[in-house]
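Have a look at the structure below before the remarks.
Atoms considered below: every heavy atom in the structure, side chains included; atoms not considered: hydrogens, waters and symmetry mates. Just so we're on the same page: letters track the sequence lines, and every chain starts at 1. Everything quoted here is computed from the prediction, not taken from an experiment.
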There are 2 protein chains.
Amino acid sequence: MNEQHQEEMELDKARDRFITEIANNVHLYDITNSIGRLYGTIFFAEKPMTLDEMSESLGMSKTSMSTGVRALSEANMIEKAWEKGVRKDLYRTNPDWYKSFSTVFIKRWSQSAAKNHQALCDTKQKLQELSKNADSEEVKHKASLDLEKLRSAEAYYEWLNEVISLFETGEIFNIVPKRNEPSQKV
Amino acid sequence: MNEQHQEEMELDKARDRFITEIANNVHLYDITNSIGRLYGTIFFAEKPMTLDEMSESLGMSKTSMSTGVRALSEANMIEKAWEKGVRKDLYRTNPDWYKSFSTVFIKRWSQSAAKNHQALCDTKQKLQELSKNADSEEVKHKASLDLEKLRSAEAYYEWLNEVISLFETGEIFNIVPKRNEPSQKV
DNA sequence: ATCTTTGTACAGTTTTTTCTGTACGAACTT
DNA sequence: AAGTTCGTACAGAAAAAACTGTACAAAGAT
């Protein structure tokens, strides 16, 4: 009995090592540390989990589980599972990490790049207008200096957008192929 | 006079459009919104700025400017500038956005991927141990289920590491070439 | 129909992060 | 040497974010 309990604890410890690391890094996807732990917990669970089970398992309120589950769903990191005769909502992790994690990556970066680029264009347009038509020589001068600066930024964004579209189109998988099974070496 | 003032305001507004957007997105690099504004302000400044000028310009304390400048420097987004006979520290933005921004990108992601992968290996090892040698059949079973789950995660990390090394080695620039000047089309 | 069960909106509390003011060390000036 | 100027450490204040408990709507059971 005692040894068995010991082994259960070993198992939990092994899992916890991984869960903790996920929790520490998941902020890159705009997910909170504790919701990262939630993800890890669902990941290792034998079966899809209900909100109540999550709450129980993490010692957090059901409300938090509810909002956490929403965040994870939006990030495509978990999905609903259906089981006959079970009324409660069930969730399990999305097993395709390429899709779940890289979807988030694409979403965040393309969104950011698009917005930044849009802002750049707006600013550029106004500056061009000013550098042409302003009465004040000083303003004209400043505007053209600014335009100069925006050049390299614009080049960067064009490059970044192309990089992102590598991922959006899936072309990245031609360059770095998916691996369905990892190398078997230890 | 009045028109001139008007035009100055137009200039500021144009700049602000861009600065605000940067500030909103720079959290992807673990930089605060307000320090993002600081970056934008330095970016558009005619000359390298001192801490006092930043403080004055943003209406924030000099202390915040000091810590902000440190954060931006660590992210390789700004750099010190030297001017003869000026005692104060001067800062300007790093004009190479490829380097500054993509350096940060690489740092964050490779660090995160490495740590996660390391944790995965640790966990895997413990689980293998358990699935072989545990006395409890239940623990054995759970451990092997977990190992199964870790397979696809491992594949993902191997893939991710290769993707990141595309950036580290600069090979990405063979695939998506840098653009020194943007397309001249409007 | 009433009575449960389940998930979430919302307001308030706790925790964390950000920001500021004071104080001080280092470097420069005279 | 004493007197400035500058940048930052540190403690405390202000602001923001995370978390909880209550309350309620929707759906299911009886």
Any residue in residues 21-53 of chain A with a heavy atom nearer than 4.0 angstrom to DNA chain C? Just list them by number, or reply none.
A:L51

End-to-end bend of the helix from C:dA1-D:dT30 to C:dT30-D:dA1 (five-pair axes, 10° rounding)?
10°

Would a distance-only check, ignoring hydrogens and angles, find a side-chain to backbone donor-acceptor pair under 3.5 Å from A:T67 to A:S64?
yes

I'd like to know if the side chain of A:K149 and the backbone of B:A45 have a donor-acceptor N/O pair within less than 3.5 Å.
yes

Distances under 3.5 Å only, N/O to N/O: pair up the protein atoms with those of nucleotides 21-25 of chain C.
from: C:dG21; atom 1: O6; to: B:T63; atom 2: OG1; distance (Å): 3.2

Rounded to the nearest Å, what distance is computed from the CE atom of residue B:M65 to the C1' atom of nucleotide C:dT18?
11 Å

Measuring from the side chain of B:S64 (C-beta onward, heavy atoms only), which nucleotide among C:dC19, C:dT8, D:dT20 has the closest atom?
C:dC19

For DNA chain C, what residues of residues 78-91 of chain A have any heavy atom nearer than 4.0 Å?
A:R87, A:K88, A:D89

Which residue pairs pass the salt bridge (Lys or Arg N to Asp or Glu O under 4.0 Å) test with at least one member in residues 31-55 of chain B, sequence neighbours excluded?
B:R15-B:E46, B:D16-B:R37, B:D52-B:K62, B:D52-B:K88

d(CE, B:M60; C1', D:dT8) in whole Å
15 Å

side-chain contact (heavy atoms from CB on, under 4.5 Å) between B:N116 and B:L160, worked out
CA-CA 11 Å; B:N116 275 5; B:L160 184 58; over 6 Å; no

Check this one for me: any side-chain N or O of A:K62 less than 4.0 Å away from OP1 or OP2 of C:dG7?
yes

How is the hydrophobic cluster of B:L90 composed, in terms of its other members, when Ile, Leu, Val, Met, Phe, Trp and Tyr link through side-chain heavy atoms under 4.5 Å apart, directly or indirectly?
B:V86

For a 4.5 angstrom cut-off between non-hydrogen side-chain atoms, does A:T32 reach A:V26?
no

